[in-house]
Amino acid sequence: MNFATFDLNLLRVLDALFREENATRAGDRLRLSQPAVSAALNRLRRHLDDPLFVRQKNRMVPTAKALALKDTVREALVGLEEAMTAIAGFDPASARRCFRIYGSDYFADMLMPALSATLRRAAPGIVLQLIDNSSGDMQDQLADRAADLALEPATAVPAWISCEPAFHSSFVVVAAADNPAIRRLGLQEGEEIPLDAFCAMPQTFASANGQLAGIVDKALAVVGRRREASLTLPQFHSVAVAVAEGTLVATLPRAIATKYAASLGLRIYAAPVAVPPADLRLYWHVRHDADMGHQWLRARVKAILAGYDEGPGSARQGTHSAAAGNANGRPAPT
DNA sequence: TTGTGCACAACTTCCTTCTT
DNA sequence: AAGAAGGAAGTTGTGCACAA
């Protein structure tokens with residue numbers, strides 16, 4: 001083949017085909033039509049004298065010759081993108097970009113409205129998307145560029161993921177204003193719920209993957225006690241609504257408990273055990289380290305979340321070193 | 001039978017090259 | 001420098017193959 005006449009745009013088509021193994025979806029990714037991808041694939045085939053992708057049922061399977069190019073093409077494109085974004089500079093006022101943030105519904109309430117307001121003023125051409133953390137694994141989302149930034153509890157990550165602390169949040173217990181168990185105890189808001197009463201109360205908590213034991217159960221186990229888990233829900237907001245509408249209580253991060261208490265009429269109490277504070281962190285692919293636009297976004301996110309930071313020693317009694325996260329990047333159930 | 005997905009045909013648009 | 005011609009690559013529309 002003659003590299004001097006080779007259209008380097010064809011490498012983007014090749015990369016999209018590796019990612020999607022489907023000409024229609026590769027076209028969507030590249031904002032081209034399926035016939036345009038098909039024609040580009042034919043040009044690649046002529047240049048490289050190989051079918052490159054052969055149809056197998058409903059997917060386009062790469063040939064051995066195509067696979068031999070896969071990593072080289074990917075690395076070349078990523079290297080070019082990194083180099084170009086690093087030198088491009090970033091002017092928020094004129095920037096036209098889309099940033100996708102991966103995280104739980106906690107951030108839909110606690111981050112996105114404020115971040116959106118900041119961007120409307122300073123960077124009106126930027127579009128924000130919150131990707132729900134139930135949509136897939138954090139590492140996969142960052143690797144596949146489905147997410148630009150992730151907000152998750154502290155967890156071990158490989159070297160290709162950069163990480164910065166965002167904030168620490170303690171936990172408090174919320175209950176409906178007319179919760180009968182709380183009323184019988186005669187507790188005032190802010191007071192500690194007695195351990196025996198807490199363990200006997202029907203409880204709900206956020207669990208993205210349906211785990212029936214959360215960090216509260218771990219804290220109770222330390223003192224040899226158990227609680228009654230009645231309901232798990234995938235989102236913090238649903239937990240707060242369930243508490244507001246019934247006799248359940250829930251242990252929630254303090255900031256979001258305070259917000260929901262105001263909007264749903266909940267009361268806040270201290271937990272009877274030391275629950276380790278949530279250590280929330282920002283994660284992103286190292287390819288964005290030098291990206292000035294990404295740096296700008298990270299600074300805005302950190303500035304907003306710093307308002308919720310209670311420091312690493314924010315547990316009610318003492319602290320635990322265990323982080324409130326797990327290996328797959330999902331938030332640990334509370 | 002229907003839905004999905006690739007490839008082809010016809011046409012349009014845009015870029016490059018050639019000519020004046 | 002400007003217009004004409006030709007080619008490359010895009011689009012829409014359609015056909016064919018295949019799986020459910």
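Numbers restart at 1 for each chain; the letters A, B, ... are given by sequence-line order, proteins then strands.
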Protein-nucleotide distance (A/Asn22, atom CG; B/dG5, atom P), rounded to Å: 5 Å

Can you check the A/Met60 CE to B/dA7 P distance for me, whole Å? 5 Å

Tell me which one of A/Leu115, A/Val301, A/Leu280 satisfies side-chain contact (heavy atoms from CB on, under 4.5 Å) with A/Phe107. A/Leu280

In terms of side-chain heavy atoms, does A/Thr118 have a donor or acceptor partner in A/Arg300 at a distance below 3.5 Å? no

A/Tyr102 side chain to A/Asp148 side chain, donor-acceptor N/O pair below 3.5 angstrom: no

Taking atom types as modelled, is there a side-chain donor on A/Ser170 or A/Glu310 under 3.5 Å from an acceptor on the other? yes

Nearest whole Å is fine: how far is C/dG13 P from A/Gln34 CD? 14 Å

To the nearest angstrom, how far is A/Glu21 atom CD from B/dG5 atom P? 13 Å

Using a cut-off of strictly less than 4.0 Å, decide whether A/Arg45 has a side-chain nitrogen or oxygen near OP1 or OP2 of B/dC6. no

Nearest-Å distance, CZ (A/Phe53) to P (B/dG5)? 16 Å

I want to check one thing: is the phosphate of B/dC6, taken as OP1 and OP2, less than 4.0 Å away from some side-chain N or O of A/Asn42? no

Can you tell me if A/Thr24 touches the phosphate of B/dC6, counting only side-chain N or O atoms and a distance under 4.0 Å to OP1 or OP2? yes

Assign A/Ala39 to base, sugar-phosphate, or nothing according to its heavy-atom contacts below 4.0 angstrom with the strands shown. nothing

May I have the distance from A/Leu41 (atom CG) to C/dG10 (atom P), rounded to whole angstrom? 13 Å

